[in-house]
Each structure stands twice: as structure tokens, then as C-alpha cells.
Amino acid sequence: MALRTMMAVLLTAAALATGQAQAQQAPARPAIQTTKVDGTNNVYVFRNGGHQAMFVVTAEGVIATDPVAYGKPFGGQQYLEEIRKVTDKPVKYVIYSHHHYDHVAGGKAFKEAGAIFVAHHKAKTRLAKLMDPHTVLPDEVVGDKGRTITLGGTVLELSYHGLNHSDSTLVMRLPKERIVFIVDTIPVGSVPGRGMIDFHPLETEAFMKKMLKLDWDRLIPGHPGPNDRLGTKDDVRAQLKFLEDASAAMKLLAQDGKCWDTAERDFKLPQYENWPGYASNLPFVARRYCGLWGRGT
């Protein structure tokens, strides 16, 4: 018996040692990473922690998007340095996806380097009221009818589709590369979270249907998808179905007079339990749909 116990202890110790060795050998995920999009010559994804931006290198300069440096004092400078590892061409434009700080704060280094900042006109109006010291005010605005930027043979379409995650979201489409950059409104393969706080549910469903009609193949999201993969139209369909299911489930609870506490406690979507973020983010989804169907907001 003592021998068996000793052997079990030794085997357990060996297993722990092996696991520790494997953990030590596994490279840590870098805080900052730049990756060229497969199948393109000039489209890159810049990641800073859990936020992502797109930049495009052209013969006449760089079109960058969101500085993604909220709470990261040197994040914008690091983004610029990452671009300079790829090209020595100047950054001509920085385009804001929408007005939320976690995506647009931190652009000072780009401004000092001479970049022109562009955003939807509602984003500029909002940012001008708040005057965040870490967020550069846009130099130029995009109207509701959109705008096309052409630089060094690259065409980038900026389009506006009304309310969704915000009232100032721009969809950025590279028609030649068949790529779109859409931030926050369409998570890739995961349950939406804190961003639900100012989310417009019914309008977002309509927005997603519009995105399905646009001509594109791959979606760069503002937050990394599972294994950093890009999105497809199937991801849009899946996210739309998730919202429709969430809305229908909460509508029944809310119209039965159970919002807030009872409805939020009873709200479950077990068919999505395997999605990343289900346990941590479902309460945000519940609260937003309780607001819609329980309060009309």
C-alpha cells in the first residue's frame, strides 16, 4: 500500500513538472502585435491588448484607423512605431470608427507626425463637447452620405448606416481587397459584453442585415475574434441570430412584468453556452434587452 501511494505521488509530481515545463515553453501572447492580412499586399491588423485597428500601406502614404490607446500612455506612439516597421511612408490619415474612447484615444503621436484625423460628423460633435485630453479632435468629418478616400491607388469607402452600437459608426470597406473594418457592432464568434451599455438593439439588427448586402468577404473586428481570426458573413448571420434570440427571450420575461431583477436572473440562452464570453457577458445582454422590452429604452 505504501509503495502504491509513493508511486502515485511520484507520478503526480512528474505530471505537474511536465505541465509546468510546457507552460514555461509556451510563448506569452505579446501585448502588441501587427499582422499582415493573408492574401493582401498592404492591409495590416494592429492589436494592442484586446483592441484592434486596421492600417493600409499605399504608394503615397498610410491610412490608419483607431489609435486604440485608452489607458495606455504610450499606445499611440507604439502603434506608429509598428507602422514604421512596415514602411517609412508617412501616415496621411487616421480614421475613427466611432467616438468611444477605448478605440479613438491616444492619437497624439499621429497628430504630431502630420496625420489628418477623420470621423463621422456626430463623432466630432460628441468629442468636442467632452474634450478628452487624450483624444485628438477630428480635422475632417464624414457626412451621412459617406466619403471615399483614395490614396496611392488604394480606395477606402467610408459609409454611415445610422444607429447601431453608436450613432457615429463608420463602416470602412476596401472594395479591391473585399475587406471591411467594423468596430464593436459585430463581434466575431463571441457574446457581446460591456459595449451593450449604449447599444441600440433593433437598429443594430437592421444594420447587420445591411452589412450582409454589402460586397465583402472578410471582416476585421475592433476586438480580436477567437484565435484572432477574421469574420465572415456567416459570423454576421450568427451574431444576428444571437441578438434575435436574446431579444425574443427577454421580451417574454419583460412583458410579464419581471424586469429588472427577476428577468435578469432567469435570462438564459443555453444554445450559446459554448461561445466565448457567455458566462461573463450574458448579464450585459440581459440588462440591455430588459431596458428595451421592460422600459422601452
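Bear in mind that the values here come from a model prediction, so they are computed numbers and not experimental data. Position 1 is the first residue of the sequence; numbering continues from there.
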How about [X] and [Y]: are their ring centres within less than 6.0 Å of each other?
X	Y	value
Tyr278	Trp275	no
Phe117	Tyr93	no
Phe55	Phe46	no

Shortest non-hydrogen contact from [X] to [Y]?
X	Y	result
Pro224	Gly50	CD-O, 3.2 Å
Ala119	Pro138	CB-CG, 3.6 Å
Leu137	Ala128	CD2-N, 3.6 Å
Ala254	Gly294	CB-N, 3.6 Å
Leu163	Glu203	O-CB, 3.4 Å
Thr58	Gly152	OG1-CA, 3.7 Å

Salt-bridged, [X] to [Y], with N to O below 4.0 Å?
X	Y	value
Asp261	Arg265	no
Arg229	Asp235	yes
Glu264	Arg287	yes

| said: I'd like to know whether Thr185 forms a side chain to side chain contact (heavy atoms under 4.5 Å, CB included) with Met211, so could you lay out the CA-CA distance, the side-chain angles of the two residues, the decisive distance to 0.1 Å, and finally the verdict. | reply: CA-CA 11 Å; Thr185 309; Met211 294 306 99; over 6 Å; no

Would you say [X]'s side chain and [Y]'s backbone share a donor-acceptor pair under 3.5 angstrom?
X	Y	value
Asn281	Val191	yes
Ser168	His99	yes
Asn48	His51	no
Thr40	Lys36	no

Can you check whether [X] reaches [Y] side chain to side chain, under 4.5 Å on heavy atoms?
X	Y	answer
Lys89	Glu60	no
Val94	Lys111	no
Leu156	Met54	yes
Val86	Val57	yes
Val183	Thr169	no
Val171	Leu158	no
Lys92	Val62	no
Lys258	Cys290	no

Return the [atom1] to [atom2] distance between [X] and [Y], rounded to the nearest 0.5 Å.
X	Y	atom1	atom2	answer
Asp184	Ser166	CG	OG	8.5 Å
Lys233	Lys213	NZ	NZ	11.0 Å
Thr35	Gln52	OG1	CD	8.0 Å
Met250	Leu269	CE	CG	8.5 Å
Lys72	Ile32	NZ	CD1	8.5 Å
Met172	Ile149	CE	CD1	8.5 Å

Is it true that [Y] and [X] share a donor-acceptor pair across their side chains at a distance under 3.5 Å?
X	Y	value
Arg47	Gln33	yes
Thr34	Glu82	yes
His165	His200	no
Asn164	Thr204	no
Asp66	His98	no

| request: Go through the structure and list residues passing side-chain hydrogen bond (donor to acceptor under 3.5 Å, both in side chains) with Arg295, not counting sequence neighbours. | output: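 For Arg295 there are no side-chain hydrogen bond (donor to acceptor under 3.5 Å, both in side chains) partners, ignoring immediate neighbours.
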
Applying the 4.5 Å side-chain criterion to the ILVMFWY set and letting contacts propagate, would [X] and [Y] be lumped into a single cluster?
X	Y	result
Tyr101	Ile95	no
Val141	Leu127	no
Leu282	Ile197	no
Leu202	Phe242	yes
Leu80	Val68	yes

| field | Derivation and outcome, side chain to side chain contact (heavy atoms under 4.5 Å, CB included), residues Glu205 and Ser247 | value | CA-CA 10 Å; Glu205 291 180 17; Ser247 183; 4.1 Å; yes

| field | Partner of Tyr79 by ring pair (Phe, Tyr, Trp, His ring centres under 6.0 Å), out of Phe110, Phe74, Tyr44 | value |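 The ring pair (Phe, Tyr, Trp, His ring centres under 6.0 Å) with Tyr79 is passed solely by Phe110 among Phe110, Phe74, Tyr44.
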
| said: salt bridge (charged side-chain N to carboxylate O under 4.0 Å, His left out), that's the test. Do Arg147 and Glu157 meet it? Break it down for me. | reply: CA-CA 6 Å; Arg147 173 182 173 182; Glu157 297 174 353; over 6 Å; no

| query | Taking everything shown except Lys108 itself, do over 12 heavy atoms lie less than 6.0 Å from its NZ? | reply |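 12 or below, so no.
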
| said: Counting neighbours of NZ on Lys268 that are heavy atoms of other residues, nucleotides or ligands and sit closer than 6.0 Å, is the number greater than 12? | reply: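 Yes, NZ of Lys268 has more than 12 neighbouring heavy atoms, counting only those of other groups under 6.0 Å.
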
| task | Identify, with sequence neighbours excluded, every residue that meets ring-ring contact (aromatic ring centres under 6.0 Å, His included) alongside Tyr160. | result | His120

| request: Kindly determine whether Val285 and Phe199 satisfy side chain to side chain contact (heavy atoms under 4.5 Å, CB included), including the steps that lead there. | output: CA-CA 10 Å; Val285 178; Phe199 174 87; over 6 Å; no

| request: Kindly determine whether Asp228 and Arg29 satisfy side chain to side chain contact (heavy atoms under 4.5 Å, CB included), including the steps that lead there. | output: CA-CA 12 Å; Asp228 293 334; Arg29 179 177 173 82; 3.0 Å; yes

| field | Cation-pi, Trp216 ring and Arg173 (6.0 angstrom, 45 degrees) | value | no

| query | Applying the side-chain contact (heavy atoms from CB on, under 4.5 Å) test to Ile179, which of Ile220, Val56, Leu219, Asp217 qualifies? | reply | Ile220

